[in-house]
Amino acid sequence: MKRIILASKSPRRKEILSYITNNFDIEAADVDETINYDNDLIEEIKSLAYRKAYKVFEEHKDSIVIGSDTIVVADNKVLGKPKDRSDAIRMLDMLNNKTHMVITGVCIIDDEKCECFANVSKVTFGKMSDEEISSYVDTKEPMDKAGAYAIQGMAAKFIERIDGDYYSIMGLPLHDVYKILQKFNCL
């Protein structure tokens with residue numbers, strides 16, 4: 001059976017993949033993560049996932065490699081990881097009492113097949129007070145998260161509704177990855 005490699009250092013992706021199998025290694029892909037915001041964002045995030053997967057696959061041609069990346073889009077703007085406290089507050093203000101998109105791109109590749117796809121979910125935040133936003137930012141949880149929040153963390157109390165795949169919002173669409181890995185005959 002081929003070895004599975006997760007081309008990501010994300011602890012959330014590692015956790016999600018462990019719900020499918022414990023038979024995998026982790027090797028972060030060192031690639032340029034720049035995306036062109038003028039192009040179709042779904043195609044761009046799929047392309048980034050492919051670049052991550054292929055970079056690791058080049059060194060491990062006997063393995064199945066999973067690459068993934070997630071972006072948060074609010075008011076037609078991509079929200080990355082906040083630079084500092086005020087940037088995190090700015091992002092959370094943009095999400096406050098609104099619905100935004102979370103797009104996760106995935107690429108699974110081996111020496112015979114390559115499947116790339118994107119999962120789009122919508123997340124609606126309820127109304128947050130300035131105090132609630134400030135207190136949440138003070139926890140430091142938002143500082144390494146795209147869009148300045150973790151759906152599986154303390155921000156969960158602010159989320160009124162999700163329309164889509166919870167695990168995709170965390171960073172890896174569990175069901176879709178499971179089905180593709182079955183097609184790759186590695187489970």
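Sequence positions, counted from 1, serve as the residue numbers for this chain. Because the structure is a prediction, the values reported are computed rather than measured.
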Practice task
Determine whether Tyr136 and Phe158 make a side-chain contact, defined as any pair of heavy atoms from C-beta on separated by less than 4.5 Å.
Solution key: yes
Fill in the blank from the handout: In short, ring pair (Phe, Tyr, Trp, His ring centres under 6.0 Å) pairs touching residues 89-118 with sequence neighbours left out are His100-Phe125, His100-Tyr149
Problem - Note, Leu172 side chain near Val177 side chain (heavy atom, < 4.5 Å) - result: yes
Handout entry: Within-4.5 Å side-chain heavy-atom neighbours: Ser63 and Ile4
Key = no
Exercise for the section: List the steps, then state whether side-chain contact (heavy atoms from CB on, under 4.5 Å) holds for Ile169 with Gln152. Expected result: CA-CA 9 Å; Ile169 297 164; Gln152 75 281 8; over 6 Å; no
Problem - Lys140 atom NZ, over 12 foreign heavy atoms within 6.0 Å - result: no
Practice task
Check whether any side-chain heavy atom of Glu27 lies under 4.5 Å from a side-chain heavy atom of Lys9, and answer yes or no.
Solution key: no
Practice task
Using atom types as modelled and distance alone, determine if a side-chain donor or acceptor of Asn96 lies under 3.5 Å from a backbone N or O of Met128.
Solution key: yes
Practice task
Could you label the plane-to-plane angle of the Tyr54 and Phe57 rings as parallel, tilted or perpendicular, counting under 30° as parallel and over 60° as perpendicular?
Solution key: tilted
Under 3.5 Å, which donor-acceptor pairs link side chains of residues 73-84 to any protein atom two or more places apart or in another chain?
| from | atom 1 | to | atom 2 | distance (Å) |
| --- | --- | --- | --- | --- |
| Asp84 | OD1 | Ser86 | N | 3.3 |
| Asp84 | OD1 | Ser86 | OG | 3.0 |
| Asp84 | OD1 | Asp87 | N | 2.9 |

Handout entry: Results of side chain to side chain contact (heavy atoms under 4.5 Å, CB included) for Asn185 - residues two or more places apart only
Key = none
Exercise for the section: Give the C-alpha distance, both sets of side-chain angles, the deciding distance and a yes or no for salt bridge (Lys or Arg N to Asp or Glu O under 4.0 Å) between Glu33 and Lys52. Expected result: CA-CA 9 Å; Glu33 295 193 21; Lys52 287 181 172 186; 3.8 Å; yes
Problem - Crowding at OH, Tyr178 (>12 non-hydrogen neighbours, <6.0 Å) - result: no
Completion exercise
For Met1, the other hydrophobic cluster members (4.5 Å side-chain criterion, sorted by chain and number) are none
Exercise for the section: Taking side chain to side chain contact (heavy atoms under 4.5 Å, CB included) as the test, write out the residues that go with Glu59, two or more places apart. Expected result: none
Exercise for the section: For residues 72-96, pull every pair meeting ring pair (Phe, Tyr, Trp, His ring centres under 6.0 Å), keeping only residues two or more places apart or in separate chains. Expected result: none
Practice task
List the steps, then state whether side-chain contact (heavy atoms from CB on, under 4.5 Å) holds for Asn119 with Ser121.
Solution key: CA-CA 7 Å; Asn119 184 290; Ser121 300; 3.3 Å; yes
Handout entry: Heavy-atom donor-acceptor pair, Thr21 side chain to Asn23 backbone, under 3.5 Å
Key = yes
Practice task
Taking the side chain as every heavy atom from C-beta outward, state whether Arg3 and Ile5 have any pair of such atoms under 4.5 Å apart.
Solution key: yes
Practice task
Taking salt bridge (charged side-chain N to carboxylate O under 4.0 Å, His left out) as the test, write out the residues that go with Asp130, two or more places apart.
Solution key: none
Practice task
Just jot down the side chain to side chain contact (heavy atoms under 4.5 Å, CB included) partners of Glu131, sequence neighbours excluded, or say none.
Solution key: Ser129
Exercise for the section: Can you sort out the partners of Lys46 under side-chain hydrogen bond (donor to acceptor under 3.5 Å, both in side chains), two or more places apart, ordered by chain and number? Expected result: Glu43
Exercise for the section: Evaluate the side-chain proximity of Ile66 to Leu181: yes if any heavy-atom separation is below 4.5 Å, no if none is. Expected result: yes
Practice task
Not counting sequence neighbours, which residues clear side chain to side chain contact (heavy atoms under 4.5 Å, CB included) with Lys157? List them please.
Solution key: Met154
Exercise for the section: Please identify each residue that fulfils salt bridge (charged side-chain N to carboxylate O under 4.0 Å, His left out) with Lys183, with sequence neighbours left out. Expected result: Glu115
Handout entry: side chain to side chain donor-acceptor pair (under 3.5 Å) contacts touching residues 104-114 (sequence neighbours left out)
Key = Lys2-Asp110, Lys2-Asp111, Thr70-Thr104, Thr104-Ser168
Problem - Side chain proximity check, Ile162 to Thr124, heavy atoms < 4.5 angstrom - result: no
